Amino acid sequence: MRDRAADLLLDWYDRHARDLPWRARPGAPLPDPYHVWLSEVMLQQTTVAAVIPYFEKFTTRWPDVAALAAAPEDEVMAAWAGLGYYSRARNLVKAARELSRSGGFPTTEAELRKLPGLGDYTAAAIAAIAFERRALVVDANVERVIARLFAIEEPLPGAKKAIRAALDTITPERRAGDFAQAMMDLGSSLCRARDAQCLLCPWQAICAAREAGDPVRLPVKAAKKAKPTRAGTAFWIERDGAVWLVQRPGKGMLGGMRALPDDGWSARGDGSGVAPVAGAWRAGGVVRHSFTHFHLEMGLAVHAGAKPVPAGDGEWWPLDRLDEAGLPTLFAKAAALALAER
DNA sequence: TACACGTGGTC
DNA sequence: TGACCAAGTGT
């Protein structure tokens, strides 16, 4: 089974591999480990289409690990703005500095796993793709493909152990990187969550879920909890052609990012409504935004007085350079709303 | 283990 | 249009 399945998949990959900016150029033996690492971190829970422009921006601005290690953290955070899961950017800088200090990338899965931001998936992916180490590379694509190939009925996340064991039986010793990427390409192009193109699949003759007749039913997933809706306020404070921005705490929601001051809304509860400066406020509209685990209705309050002096740390950011502030999408929406009605 | 953690596209 | 989904990690 091992060699048969792997051969079918690798033959398919030789004909249908996607051309992606972080993959090795034709003729090159292996891709740049820096490119593999950067792309894999960006791709965590993030679509290829969303990643490509960020990958190009990062590799142009910081062409290697040493350049990224030397970059000020807040510049990296601002460059990451809009991509989401901002702890990835903070860990990226931390890992770059560790790599720079230690003289480069480790080549084993176990050593890679110690770097901040590298979990089981990413460490295995880099070991396989950048260093041709045999590894069990398990992402959502692989879980889906394996659950179908072996007709694993146990619901996720409980089925993870069985999926790893099944994957182990078909993972070859050779072409580790191609095999891992072929699994993910198969999952994203043919064996998709809501749609399985079995007639085009290299495994159509050996797939247990196809044999059973309803591959899209798998994998079974545990029911998800309902998302609460929270309410909060962000405050637009303007003075002399600049707006007051704060830096959010390093941990938690939008950690370390520049933002408009707000009233402390969170996934756990509504904001207090308390403004960072006294005075007259007028309503500036509402921004609706959905996070992974809650919905937010964030009202925008616009300071209507003259020369306000906010309490606490922050900075006056010139309005004509607001696009360089690196606001996460929620606050970029709020700023666009404020600017549209001025 | 279960939950916190972003965003944009899809149906 | 709201829920699901996408190359997961940290706690």
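Convention: sequence-line order gives letters A, B, ...; per-chain numbering from 1. Since the structure is predicted, the reported quantities are computational estimates derived from the model, not experimental observations. Hydrogens, waters and symmetry mates play no part in the numbers below; they use all other heavy atoms, side chains included.
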Worksheet item: Closer to the 5' end of DNA chain C via nearest nucleotide, is it A:L43 or A:K251?
Response: A:L43

Discussion item. For the C1' atoms, the ones on C:dG10 and on B:dT1, what distance do you get once it is rounded to whole angstrom?
Written reply: 13 Å

Worksheet item: Does a nitrogen or oxygen in the side chain of A:Q45 sit under 4.0 Å from OP1 or OP2 of C:dG8?
Response: yes

Worksheet item: Between A:R230 (CZ) and B:dA4 (C1'), how many Å, whole number?
Response: 13 Å

Fill in: NZ/NE/NH1/NH2 to OD/OE distance under 4.0 Å, A:R133 and A:E109
no

Item to complete: Give the C-alpha distance, both sets of side-chain angles, the deciding distance and a yes or no for ring-ring contact (aromatic ring centres under 6.0 Å, His included) between A:W244 and A:F235.
Response: CA-CA 9 Å; A:W244 184 252; A:F235 300 97; over 10 Å; no

Worksheet item: If only atom types and distance count, is the side chain of A:E56 paired as donor or acceptor with the main-chain N or O of A:P53 below 3.5 Å?
Response: no

Discussion item. A side-chain contact here means heavy atoms from C-beta on lying under 4.5 Å apart; do A:H289 and A:M298 qualify?
Written reply: no

Worksheet entry | Short side-chain N/O contact to B:dC3 OP1/OP2 from A:K225, under 4.0 Å | yes

Worksheet entry | Electrostatic pair A:R148:A:D214 at N-O distance under 4.0 angstrom | no

Discussion item. Within residues 135-146 of chain A, which residues have any heavy atom lying less than 4.0 Å from an atom of DNA chain C?
Written reply: A:D139, A:A140, A:N141, A:R144

Worksheet item: Do the side-chain N or O atoms of A:T329 get closer than 4.0 angstrom to the phosphate oxygens (OP1, OP2) of B:dT7?
Response: yes

Fill in: Salt-bridge present (A:E75, A:R61; N to O < 4.0 Å)
yes

Worksheet item: Rounded to the nearest Å, what distance is computed from the NZ atom of residue A:K227 to the P atom of nucleotide B:dT7?
Response: 12 Å

Worksheet item: When rounded to the nearest Å, what value does the distance between P atoms of B:dC11 and C:dA7 take?
Response: 15 Å

Item to complete: For B:dT7, take OP1 and OP2 only and decide whether either is under 4.0 Å from a side-chain N or O of A:H289.
Response: yes

Item to complete: Please check the phosphate of B:dT7 (OP1 and OP2 only) for any side-chain N or O of A:Y86 closer than 4.0 Å.
Response: yes

Discussion item. So if I take every side-chain heavy atom of A:T122 and compare against B:dT7, C:dA7, C:dG8, which nucleotide ends up nearest?
Written reply: C:dG8

Discussion item. Take a 6.0 Å sphere around CG of A:D313 and say whether it holds more than 12 heavy atoms from other residues, nucleotides or ligands.
Written reply: no

Please write out each protein N/O paired with an N/O of nucleotides 9-11 of chain B under 3.5 Å, distance rounded to 0.1 Å.
none

Worksheet item: Hey, does the side chain of A:K227 reach the backbone of A:F291 with a donor-acceptor pair shorter than 3.5 angstrom?
Response: yes

Worksheet item: Think A:H293 has a side-chain N or O under 4.0 angstrom from the OP1 or OP2 of B:dC5?
Response: yes

Worksheet entry | Whichever of A:G158 and A:R268 has its nearest DNA chain B nucleotide further upstream toward 5' | A:G158

Worksheet item: Within less than 4.0 Å of OP1 or OP2 of C:dC5, is there a side-chain N or O belonging to A:K224?
Response: yes

Discussion item. Less than 4.0 angstrom from a charged side-chain N to a carboxylate O is my criterion; do A:R90 and A:E73 meet it?
Written reply: yes

